[in-house]
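Since this is a predicted model, take the numbers as computed values, not measurements. Side chains included, hydrogens not; waters and symmetry mates left out as well; all remaining heavy atoms used.
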Amino acid sequence: MKHTDDTAQRPMPEAHEPATATATTPAATAPMPAVLPQAGPAEPPAPPILGEDGCFSPEWFTRFAELQPHAATLAKFRRPEALAKSYANLERLRGYPAAGDAARMAAFRAAVGLPEHAQDYTLPRPADTPDELWDATLAASMAQVAYEHGVPAPAMAALCEHYAAEGRRALQAAQLAQQQALDSAEAELRSDWGLSYEDNMRTVGSFLRNLGEASGVDVAALAESPALRANADFARLMLAAASMLEEAPMHTGSAPNPRDEAHRIAHDPTHPLHEAYMRTSHPRHRYANEQYDRLAFGRPL
């Protein structure tokens, strides 16, 4: 058998050709050029704080927002050393100077805006302050002390307002307590004297007026004194004294004429027995009538 070489008859394998890139292949996509922002105009450099002469540039402080509230003060300084000296002086003024240090106190007043002269330092009267709590002389002396010690006027005015408010509160409390004491004393005497309360009080008032006339003392203020009017025992003592005076009247000089004394009982409102003699409903009317009869007609008791 003849051997034939089939190699020549076999088809040759197709050679793999390299892939042709298409327009949709990522590798074929060309990179887009980057778009750069257009540069705007450059900001001008900030002006220097100091000029060539070593002085501050005009309105140099406007570069700092936190310095804007102090623009008026900073504009006064032309050179850094002046600003530094001012700061050093301010440091020395920190804290209240002693009242006896006149130079430092004067500098302190000027620095914080206090009045330069004592007569310019006044304390206004707080609103709604009653006369009982306001003393103009005391306010003037307090203003002098506040001026000497460098106390700011608004602070002193606030203290005065607080003092006045506390004073009003204390005064109202005292007035309430006083009225309660008066009401308590009156209630006690009304309970003790019953229907005779009004008559007994008139007797006490008459006795005090007679006592004042005899001694040359004005007893009007004494009779209206809250300290006495709120004391029930004082009224009891005056009533007892009035009763003793009725039984043994106090006289100066020679004994009075009985008819004159009887006339006073009937016609003199200041006589201790006049009220009781004139009013038949008075609890001591019978006694006063008997005394009148004894003096006017010599009738025995």
Side-chain angles (χ1 to χ4, degrees), residues 130-133 135 167-301:
D131 293 338
E132 296 92 332
L133 297 178
D135 187 336
R168 288 192 295 269
R169 183 191 60 79
L171 180 62
Q172 291 172 357
Q175 291 173 340
L176 177 61
Q178 184 181 91
Q179 187 60 49
Q180 290 175 341
L182 291 173
D183 295 342
S184 177
E186 180 179 349
E188 182 179 339
L189 291 175
R190 285 186 180 277
S191 176
D192 187 12
W193 291 340
L195 298 177
S196 301
Y197 172 81
E198 299 293 345
D199 292 325
N200 289 348
M201 291 302 295
R202 278 191 288 268
T203 298
V204 169
S206 177
F207 170 71
L208 283 175
R209 287 191 297 272
N210 292 335
L211 196 61
E213 291 176 0
S215 60
V217 176
D218 183 4
V219 297
L222 184 65
E224 294 298 323
S225 171
L228 296 180
R229 290 171 54 212
N231 191 332
D233 288 339
F234 175 77
R236 293 188 180 99
L237 287 172
M238 292 299 97
L239 183 62
S243 300
M244 295 173 62
L245 183 62
E246 291 171 357
E247 296 176 3
M250 294 184 298
H251 301 287
T252 57
S254 58
N257 183 289
R259 291 184 178 274
D260 292 340
E261 189 71 14
H263 184 271
R264 286 193 61 227
I265 292 176
H267 299 90
D268 187 356
T270 65
H271 194 282
L273 293 179
H274 176 75
E275 182 73 19
Y277 177 78
M278 296 299 296
R279 294 180 57 233
T280 57
S281 61
H282 196 283
R284 301 178 65 81
H285 174 74
R286 179 177 179 182
Y287 171 81
N289 197 55
E290 291 173 350
Q291 293 298 319
Y292 177 85
D293 289 347
R294 178 180 64 84
L295 295 170
F297 308 112
R299 296 175 182 174
L301 296 177

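Atom CG of L176 has more than 12 neighbouring heavy atoms from other residues, nucleotides or ligands inside a 6.0 Å radius. At most 12 heavy atoms of other shown residues, nucleotides or ligands fall within 6.0 angstrom of atom CZ in R259. Around atom NE2 of H274, more than 12 heavy atoms belonging to other residues, nucleotides or ligands sit under 6.0 Å away.
In this structure, E290 pairs ionically with R286, as a charged nitrogen and a carboxylate oxygen lie closer than 4.0 Å.
At a threshold of 4.5 Å between non-hydrogen side-chain atoms, the residues H271 and E261 count as touching. Using a 4.5 Å heavy-atom threshold, the side chains of L239 and R236 count as separate. Considering only heavy atoms from C-beta on, D199 stays 4.5 Å or farther from R284 through its side chain. In this structure the side chain of T280 reaches within 4.5 angstrom of the side chain of H285, judged on heavy atoms.
A distance of 13.0 Å separates CG of L295 from NE2 of H263, quoted to the nearest 0.5 Å. The CD atom of Q291 sits 12.5 Å away from the OH atom of Y277 when rounded to the nearest 0.5 Å. To the nearest 0.5 Å, the span separating CG on L182 from CG on L228 amounts to 10.5 Å. Interatomic distance, I265 CD1 to R294 CZ, rounded to the nearest 0.5 Å: 8.0 Å. Between the CZ atom of R202 and the OH atom of Y197 there is a distance of 10.5 Å, given to the nearest 0.5 Å. The distance from atom CD of E198 to atom OG1 of T203, rounded to the nearest 0.5 Å, is 11.0 Å.
The two residues A235 and V204 make their nearest non-hydrogen contact at O-CG2, 3.7 Å. Nearest heavy-atom pair across A230 and A185 is O-CB, 3.4 Å. Nearest heavy atom pair, residue L171 against residue P130, reads CD2-CG, 3.9 Å.
Between the S184 side chain and the Q180 main chain, no donor and acceptor come within less than 3.5 Å of each other.
When only modelled atom types and interatomic distance are considered, R169 and Q172 share no side-chain donor-acceptor pair under 3.5 Å.
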